[in-house]
Protein chains: 2
Amino acid sequence: MGKKKENSTNSINAQYLTECDLTYAVCKIGGRWKLLILCKLEDGKLRFSELRDRISGITERMLTLQLREMEKEGLVKRTVHAQVPPRVDYELTEIVQELIPIWKQLEKWGHKHRKMIQSTEVDD
Amino acid sequence: MGKKKENSTNSINAQYLTECDLTYAVCKIGGRWKLLILCKLEDGKLRFSELRDRISGITERMLTLQLREMEKEGLVKRTVHAQVPPRVDYELTEIVQELIPIWKQLEKWGHKHRKMIQSTEVDD
DNA sequence: CCGTATCCTAAAAGATACTG
DNA sequence: CAGTATCTTTTAGGATACGG
């Protein structure tokens, strides 16, 4: 019904998206690239090409897709400077800045878990 | 080379998995079902059928797959009771319990973000 | 420089039937 | 009860070429 999803990521299913705030949150920042992009913006604005160059392996298509989606969801702010050649930069919104301490903790947890697993598995 | 990945989820790419603790962490708990399952175990042990019944929409295959993977990664503990009919229960490991406060915050953030978005988008 | 448009692949998830 | 085994579908993500 209505509009077909054209090219967005992280849909998962509507069922839990509306029921569960955690599923909802994970969808906002899930997928392969989102947090990676947000991290790069942690220290301030970056332009498209700077992001692309800092995130090894990402294609321009993916970068655009993720940025557009996050813009739509109020996670990043996109600013176009009317000049030639064009200059566009991206920055974190306020609400996503509240996420920073959370992903820091997640990162620490990841580090700890990785160490734990490594000491556990002697063999493959 | 070596062993083929048979049926596991959340592989993403090795590149960031080994470089970035955040990507690593998100992979551990990412995907459609993992956090949903872990949440249910927050209050204590549950058996397979209890989990299945509490998570609407999940198939037995998916539940098994996710549980097995999380067991392998030390996120859940599986206990088989030798009796007929069989009884198997699952519980959180210590390291994943350290994640609980983090996902609580994420949940709160999700709630807040959802409210924000709702008040923003008057139209579709 | 900052993207979009197409086409394509791989991986995650679903349906369904069956088993110790 | 607690799963496996197959098979199919869906969707996230990738390759590449082109455009304002």
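Letters A, B, ... are given to chains in the order of the sequence lines, protein chains preceding strands, and every chain is numbered from 1.
- Here dA12(C) presents its P atom at 8 Å from NZ of Lys34(B), a figure rounded to the nearest Å.
- Trp33(B) and Tyr16(A) have perpendicular rings, their planes meeting at more than 60° on a 0 to 90° scale where under 30° would count as parallel.
- One distance of note links CD1 of Ile37(A) with CE of Met62(A); it measures 9.5 Å at 0.5 Å rounding.
- Side-chain atoms of Arg61(A) stay outside donor-acceptor range of the base of dG3(C), with no qualifying N/O pair under 3.5 Å.
- For Ser49(B), whose side chain is taken as the heavy atoms from C-beta onward, the closest listed nucleotide among dA13(C), dG14(D), dA2(D) is dA2(D).
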Inset, instruction - Carefully, step by step, assess Lys104(B) and Glu42(B) under the rule salt bridge (Lys or Arg N to Asp or Glu O under 4.0 Å). - result: CA-CA 11 Å; Lys104(B) 289 287 181 194; Glu42(B) 206 183 311; 3.1 Å; yes
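- Atom CZ of Phe48(A) is separated from atom C1' of dT4(C) by 10 Å (rounded to the nearest Å).
- Between Gln83(A) and dC1(C) there is no side-chain N or O to OP1 or OP2 distance below 4.0 Å.
- In this structure, Ile58(A) places its CD1 atom 13 Å from P of dG3(C), rounding to the nearest Å.
- To the nearest angstrom, C1' of dG13(D) lies 14 Å from CG of Leu63(A).
- Side-chain proximity of Arg68(A) to dA2(D), dT4(C), dG20(D): nearest is dT4(C).
- With 3.5 Å as the limit, one finds no donor-acceptor pair spanning the side chains of Tyr24(A) and His111(B).
- Put simply, Arg47(A) has a side-chain N or O that comes within less than 4.0 Å of OP1 or OP2 on dC2(C).
- Within the 4.0 angstrom heavy-atom criterion, no nucleotide atom of any strand lies near Arg52(B).
- Between Thr64(A) and Pro86(A), the residue anchored nearer the 5' end of DNA chain C, judged by the nucleotide with its closest heavy atom, is Pro86(A).
- Regarding contacts with the backbone of dG14(C), a side-chain N or O of Arg32(B) is found under 4.0 angstrom from either OP1 or OP2.
- Each of dG13(D), dT4(C), dG14(C) was ranked by its minimum atom distance to the side chain of Thr59(B); first place goes to dG14(C).
- One atom, CG of Leu35(A), and another, P of dG13(D), lie 12 Å apart when rounded to the nearest Å.
- Contact between the side-chain N/O atoms of Tyr90(B) and the OP1/OP2 oxygens of dG3(D) is found at a separation under 4.0 Å.
- Rounding to whole angstrom units, CD1 of residue Ile55(B) and C1' of dA13(C) are separated by 15 Å.
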